[in-house]
K.L.:
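First, the structure itself, so that you have it in front of you.
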Amino acid sequence: MIARIARPALLALPIALAFAAFAPASHARPHPAPPTPAYSPPPSEESPYSHADNFCVRSANRFDAVTSTEPPLRSQPAVVVWLTAGVGGGPASEDGDVETFARLVDRCGGIGGRPLDVHVVHTSDDPAVDCAEVVGRYHPVMVVATSLPPAWSCIVHDQRTILVTGSDVSNADLTGAGGRLVATGSSEGVEQARLLALVDSGRLSGRKVAIVAGNDATASEFRRSAVAALATKHIRPVSVADADAVLVPTLELGALPLLSSSTTPTSSQPLDVYSFGTADASVPAALEAQPASSARLLRSVRLYAFSPVADRAYRASQSPNTFSGMCNRAAVDEDGARGLTTTTTTEPRPPLSASYLTTS
């Protein structure tokens, strides 16, 4: 169950909306408890950059509370720093995509009439240095990062600057950030949703399911969420020795042989291991590095995890929604006019065969 969701496009709307504001246990209950406090999502927002069938519509690029004639909008660009991981630049495609997006926004009239000035900064090994570089040098309205950078706490708490990230962030971090940390999801909420979706799919019906987690607070919370999710289908956890399916919070390849040898499934099928964290790029890279041992491992254990944002196989397999399709076509046209190439049409070269890239 490698569920793949590419998130960078989700960052565009929070950026635009934020700029508008800146213009001037053992006894399981039958159902899992709702989050506390209960989460009420805001109403959906219309894109300021497109109609249903037309991208970059200047007449749609407006915010009701902001008029484009206000002096601050005309006189000063909105400065954004895009903080990306990688020594010496990280993935070059991200740099190019960010710069292309910034050009498209300005071509569409800016954000509510305000020009956009984007600077791409690559992280170093020192979060304090990154924080000083990003905020002290550029004084941005906000910082944007696909993954939560190590410097996030300094940026948000010490420098009191908005950070928008494509990562899931814990409820405690979101609550303690004074509204300056904007994420695409709550990590606890995402984990609970993944657990409930798996159980509701029926894949665990009739299976002997064990929950394997550590003893720290995070692991204990995962265990409670897993027990509650299983209880919605009246599934009672069993010991590892009796299991033919195992739920783990994160995927650790080194622990799989021991986990497999600790179980005695009643059927001849391999042990199913479901991980609910996002498997980073090191997982397929490690499997590819040792094909013989990986093949033996995958014959004894079937892995199900959630792939990272940058999974090229997922991106190539999906049909983009209308907005994404129009945005991608605009990006291709923009780069083509400048004699460049774009990553949106690059064919994937997945390191593993399609059978290992099963979509949930």
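Small disclaimer: the values here were computed from a predicted structure and weren't measured.
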K.L.:
I need the full list of ring-ring contact (aromatic ring centres under 6.0 Å, His included) pairs touching residues 169-206, with sequence neighbours left out, sorted by first then second residue.
P.N.:
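For residues 169-206, and leaving out neighbouring residues, there are no ring-ring contact (aromatic ring centres under 6.0 Å, His included) pairs at all.
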K.L.:
Tell me, please, which residues at least two apart from T175 pass side-chain hydrogen bond (donor to acceptor under 3.5 Å, both in side chains).
P.N.:
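Per chain and number, T175 pairs via side-chain hydrogen bond (donor to acceptor under 3.5 Å, both in side chains) with no residue.
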K.L.:
Only pairs at least two apart or in different chains count here, so list each salt bridge (charged side-chain N to carboxylate O under 4.0 Å, His left out) that has a residue in residues 145-157.
P.N.:
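Listed by first then second residue: nothing to list.
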K.L.:
For D173, give me all partners under side-chain hydrogen bond (donor to acceptor under 3.5 Å, both in side chains), at least two apart in sequence or on another chain.
P.N.:
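For D173 the side-chain hydrogen bond (donor to acceptor under 3.5 Å, both in side chains) partners, ignoring immediate neighbours, are S170.
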K.L.:
Could you pull out all residues at least two apart from H139 that satisfy ring-ring contact (aromatic ring centres under 6.0 Å, His included)?
P.N.:
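Not a single residue meets the ring-ring contact (aromatic ring centres under 6.0 Å, His included) criterion with H139.
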K.L.:
Could you check if a side-chain atom of V248 sits within less than 4.5 angstrom of a side-chain atom of V273, using non-hydrogen atoms only?
P.N.:
yes
K.L.:
So do the side chains of L163 and L148 get within less than 4.5 Å of each other, counting heavy atoms only?
P.N.:
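Yes. Closest side-chain heavy atoms under 4.5 Å.
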K.L.:
By side-chain hydrogen bond (donor to acceptor under 3.5 Å, both in side chains), which residues pair with R137, not counting sequence neighbours?
P.N.:
E133
K.L.:
Checking A183 now: which residues fulfil side chain to side chain contact (heavy atoms under 4.5 Å, CB included) with it, not counting sequence neighbours?
P.N.:
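Partners of A183 under the side chain to side chain contact (heavy atoms under 4.5 Å, CB included) test: T165, V169, L174.
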K.L.:
Tell me which pairs pass ring-ring contact (aromatic ring centres under 6.0 Å, His included) where either residue lies in residues 102-121, with sequence neighbours left out.
P.N.:
H119-Y138
K.L.:
Name all residues meeting the salt bridge (charged side-chain N to carboxylate O under 4.0 Å, His left out) criterion together with D158; count only those two or more places apart in sequence or in a different chain, and write none if there are none.
P.N.:
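None.
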K.L.:
Show me the pairs that pass disulfide bond (SG atoms under 2.5 Å apart) and involve residues 146-244, at least two apart or across chains.
P.N.:
C131-C154
K.L.:
For S186, give me all partners under side-chain hydrogen bond (donor to acceptor under 3.5 Å, both in side chains), at least two apart in sequence or on another chain.
P.N.:
N171, E188
K.L.:
Tell me, which pairs form a ring-ring contact (aromatic ring centres under 6.0 Å, His included) where one or both residues lie in residues 152-171, sequence neighbours left out?
P.N.:
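Pairs touching residues 152-171 that pass the test: W152-H157.
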